[in-house]
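One structure is given below, encoded as structure tokens.
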Amino acid sequence: MIDQRFDPKAHEQRIYQRWEEAGCFRPSMDTSAEAYAIVIPPPNVTGSLHMGHALNNTIQDILCRFERMRGKNVRWQPGMDHAGIATQMVVERQLAASGNQDRRSMGREAFIEKVWEWKEQSGGTILNQLKRLGASCDWENTKFTLDEDLSAAVNKAFVDLYNEGLIYRAKRLVNWDPQFQTAISNLEVENKEVDGHMWHFKYPLAGGETYTYVEKDADGNVTLEETRDYISIATTRPETMLGDGAVAVHPSDERYAPIVGKLCEIPVGPKEFRRLIPIITDEYPDPDFGSGAVKITGAHDFNDYQVAKRGGIPMYALMDDKGYMRADGEDYAAVAAVAQRIAEGKEDFDEAKIAAMNLVPDQYRGLERFEARNAVVADITAEGHAVMIADPKHKDEETDAPLIPYVENKKIMQPFGDRSGVVIEPMLTDQWFVDAETLAKPAIAAVREGRTKFVPENWDRTYYNWMENIEPWCISRQLWWGHRIPVWYGPMADASGGTDGGVMPFVAENEKSSFTKVKEYYEQLLGAPVKVSLLPDRLRGKTEFYLTKDIDDGSYHVYVDQDPDVLDTWFSSGLWPFSTQGWPEQTDGLKAFYPGATLVTAFDIIFFWVARMMMMGIKFMDGEIPFKDVYIHAIVRDEAGKKMSKSEGNVIDPVDLIDGIDADSLVDKRTTGLRQPEKAPQVEKATRKRYPKGFEAYGADALRFTLAAMATKGRDINLSVDRVAGYRNFGSKLWSATRFAQMYEAKFETPVNPSSLGLALNQWIIGELYKCCADVSEAIEDYRFNDAADAAYHFVWDVFCDWYLELSKPILQGDDGAEKEEVQTVLAWTLERIFELLHPFMPFITEALWEQTATRSDFLMLRKWPGLSEGYHNQDAADELGWVLKTVSQIRSVRADVNVPAGAKVPVSLIDASAKTARCVEAHRDVIMRLARLEKFDVAETAPTGSVKTVVDEATVALEIADLIDAKEEVARLDKQLGKLGGEITGLEKRLGNDAFVAKAPAEVVAEQRERLADLQGTQAKLSQARAQLADL
RNA sequence: GGUCGAUUAGCUCAGUGGUAGAGCACUGCAUUGACAUUGCAGGGGUCACUAGUUCGAACCUAGUAUCGACCACCA
């Protein structure tokens, strides 16, 4: 006999280990079976399991277990992402906390070694947590994006794209994170609205020139006309004025037409040398916004960058990598003089020249960017270049109001680094880019043509929206942790061995092949033997030593230096569906498991990952898409619909739901080692704030079932612990039902042949089981996990436990050996099918029940899915048991209505019963008497006087409880029912009386309604009769 | 500004044109026979609003209101 209760702690980890040891997670590699692959969204190596992961992986596991049971060759590909910035951040922080050197003084190699050390010790917590959840991943094939083979795939992908011109290096304006001192992609920038200011300044015209400034209203009437010697500019970032290259106005803006082409002065910096910049026209400025004139700072604003590129305006970079005003280069006066000549068109310029020019006036050099802003504003204002307005707070006539500098307080959108949280700075730097536009085209087509489908499908709009407006993808990161860019630079040289300090890139899959390329190149160029070595640190920057000639034999020595940058983490993630299967080798895994069946992920990762996998997969796998379906699931929120966040204190840790959280055992929990040590206290605190008393250990099954039951398409999940408790109870119910079966010696491992069953009860339950199986299968196939969970839940609890088990009791406790044996067999058989049916949702408890109900040689996990045929359904049995259920329910309901004591046994007669009903009475008398607590249950001609009546189908059920009832109350009870019936009947009559309905509605609907009306009228007649008899009393 | 979504019972949510549902909460009754992590019975809804399409609308269409998410934004 199994234990009285299911204790998750006693079974979950034990069973998981059994599966793992037996190799249950491995693909069958059965070539006759259909292959089925899901690649896990590789969690960050720094990650620990949160509710989103729990949902994501529960869904994948349900699909994998379901398809595995259906006989497919399943690989659920697990692994982890090296997560460049996140990991580097964690390790750097740890180094700092333990008083170590920072990474720069430590050096690249030593630092990376530290990260690997950290990875071995603390990384990958999440994989063990996934095991706690029951994830049936193919662990033996676990991959890490920085593994040797995956790194080789990354390099190959890079080289191939480079050779096709789809990867290129360019100086462009990119998002720069001043904290991490690296470029990041657009996607890693979060735009947030913050309180900001917009300052209005006057840029004086060169040489004190003046013009007539005229403003007109919509009808062309002049509203303002004055002589000005300046142009008014509005800006939210005054510190960038130092890098202005022009002022732009819209070509149609008549106000400024007189001064277009003239020069104006940037009103900041040393008075003796104010820089002059041209006033130009461009389509970009909106004449209706601000003053209509825009300062153009090409190196510090994305819009300005476009204008500057169009207009050939120089873009002066003002800041260093840390977001401080530049302090390098020549002093301001010298540089500004050059800039002046450029602005006046008197001197040519090129990118390199501009890049070297530091136009930050001496007094601002080295200031942090926000300090610089304050200083610039103060200086300009002090000097009287702020636009002045009448103080709006002043109550008097406008003319009397004092003038104050015009500064608007307004909400502005500001970019923040999603990891660092600091304000992102647009910076002009050399970076590597992927031509995403070209790669996106076939990826868009794949979805348009339905080769890859989004579920729910409306997400394709989001995908198109982004893909059709995709920007070049900046893939280089100025970090150390990641795939180093496979590019080596040699010195730019001429045939005589002369160098100019420039570099020549060699792109190759590894160092060795790059050296071969370098050697070939220089030998051809120089016509002499060439030896190649990697540039040692001590020579870095000393370009004169990069190419040297041996005076003795005339051979050359070339030093090459690998690009110091690493690739965006998502570059390697984009290759995940095929790099994990061994690409570029044509492995069996690759052949079988690409393309995958379904990608399961949350919407926030569509751009980051799904889009990139689509582009890369199609590119490298001969146009074959990486997966057929993309199932986009919900975001898990707290029960009030708020996003779970540590600061809100509403985080629920999935592992806490599995293991329980006890208010007093904080210490105990920390020793489980399931969380990152440095993270654990915070999570504890957050959960405990919300659940001060803690909560029970609900087990992985309860959590999984809850998530599945709530996983409706296209809606967020508001998770409540109560709900988890509810589904834990469901597991308990199944457990105790199995105990019941064991108690009555149910015959497990015994086949059932539907056609040889003698009892309607058994024919009925296997028919119900058949329906349930069909519903669950269809729902999972259709990604309706909530429907699948509901169908199983309802069948097990409401049909199997509440009815079948109760109905079977008289037989199991009775004397008829043959009947008893049939029930023992069907009971066990149905339970076994239930275990199978629930296994994808609740793998642990079902496997535990499987192993403990018989001596078994197999795992439930590897059994065949119960795909029952329609032959299991028997309509006669269904009708018969349907009648039994109705009859019992009706009698129970009446008993409760008229307050018959629960223990009292009541005699009941059945009036006007048909022959068929009479046969049912004979067949099921015992069980009905037992379940409805009857003293007798017989067919009769007439109802005894003083009985309480209800109607089941054609028959009136009379409860002989004259002594218990009050005639008045009984009349009231019947009237209430009649009232309800009457309302429904009227509605039906009205509908059926409507010719249009009868004429236009489908015939079966009309027939159905007619039948229903007839039924209701029959019931009404019988109840009315009963009422009439009572009234006579 | 663009896109997507939500509004159904006290709460959290299912429900793709034909009798409004679940879980939790609530009320009454039931405790030595699988299960109190239970059983039986019950109360509770103008399906946000307006108009339309339809024989028929929670569901389709248009609009309104409120809430939310994402993307892009005026220097």
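Values in this document were obtained by computation on a predicted structure and should not be read as measured data. Below, chain A is the first sequence line, B the second, and so on; all start at residue 1.
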Legend entry - Of the listed nucleotides B/C4, B/A41, B/C71, the one nearest the side chain of A/F607: B/C71

Legend entry - Under 4.0 angstrom between A/Y284 side-chain N/O and B/A75 OP1 or OP2: no

Legend entry - Positive for ring-ring contact (aromatic ring centres under 6.0 Å, His included) with A/F454, one of A/Y463, A/Y631, A/Y464: A/Y463

Inset, instruction - Report yes if at least one side-chain N or O of A/R728 is closer than 4.0 Å to OP1 or OP2 of B/U37; otherwise report no. - result: no

Inset, instruction - Could you walk me through whether A/Y698 and A/I658 pass side chain to side chain contact (heavy atoms under 4.5 Å, CB included), step by step? - result: CA-CA 5 Å; A/Y698 297 115; A/I658 293 172; over 6 Å; no

Inset, instruction - Go through the steps to decide whether A/Y793 and A/Y727 satisfy the test ring-ring contact (aromatic ring centres under 6.0 Å, His included), and finish with yes or no. - result: CA-CA 9 Å; A/Y793 181 96; A/Y727 289 118; 5.5 Å; yes

Legend entry - Distance, C1' atom - from B/G1 to B/G56, rounded to whole angstrom: 40 Å

Legend entry - Protein proximity profile, nucleotides 19-26 of chain B - base contact B, sugar-phosphate-only contact S, no contact -, cut-off 4.0 Å on heavy atoms: B---SS--

Legend entry - Nucleotide nearest A/F740 (side chain, heavy atoms from C-beta), chosen from B/C70, B/A41, B/A34: B/A34

Legend entry - Nearest-nucleotide pick for A/L805, side chain only, options being B/C73, B/A34, B/A75: B/A34

Inset, instruction - Please determine if A/R612 forms a cation-pi arrangement with A/W473, meaning its NZ or CZ atom is less than 6.0 Å from the six-membered ring centre and no more than 45° off the ring axis. - result: yes

Inset, instruction - Consider the side chain of A/R892, meaning its heavy atoms from C-beta on, and name the nucleotide among B/C70, B/C55, B/C40 that approaches it most closely. - result: B/C40

Inset, instruction - Kindly indicate whether the side chain of A/F997, heavy atoms from C-beta on, has any atom under 4.5 Å from the side chain of A/V1005. - result: yes

Inset, instruction - For B/A41, take OP1 and OP2 only and decide whether either is under 4.0 Å from a side-chain N or O of A/S893. - result: no

Legend entry - Euclidean distance, atom CG of residue A/N899 to atom C1' of B/U27 [Å, nearest integer]: 13 Å

Inset, instruction - Check if the side chain of A/E806 and the base of B/A34 share a donor-acceptor pair of N or O atoms closer than 3.5 Å. - result: yes

Inset, instruction - For nucleotides B/A57 and B/A62, find the distance between their C1' atoms and express it as a whole number of Å. - result: 15 Å

Inset, instruction - Please assess A/K886 against A/D953 for the test salt bridge (Lys or Arg N to Asp or Glu O under 4.0 Å), listing each intermediate value before the final yes or no. - result: CA-CA 9 Å; A/K886 260 189 291 187; A/D953 296 343; 2.8 Å; yes

Inset, instruction - Give a yes/no answer on whether the side chain of A/K990 brings an N or O atom under 4.0 Å of OP1 or OP2 in B/G56. - result: no

Legend entry - Close side-chain approach of A/P287 and A/R255, heavy atoms under 4.5 Å: yes

Inset, instruction - Send over the distance from A/Q414 CD to B/A72 P, rounded to a whole Å. - result: 16 Å

Inset, instruction - Give one of base, sugar-phosphate or nothing for A/P285, where a contact means two heavy atoms less than 4.0 Å apart. - result: base

Legend entry - Rounded distance in Å between the P positions of B/U53 and B/A14: 31 Å

Inset, instruction - For A/R5, report the nucleic acid contact type (base, sugar-phosphate, nothing); a contact means any heavy atom under 4.0 Å. - result: base

Inset, instruction - Using the P atom on both, measure B/A48 against B/G15 and round to a whole Å. - result: 14 Å

Legend entry - Presence of A/K410 side-chain N/O under 4.0 Å of B/A75 phosphate oxygens OP1/OP2: yes

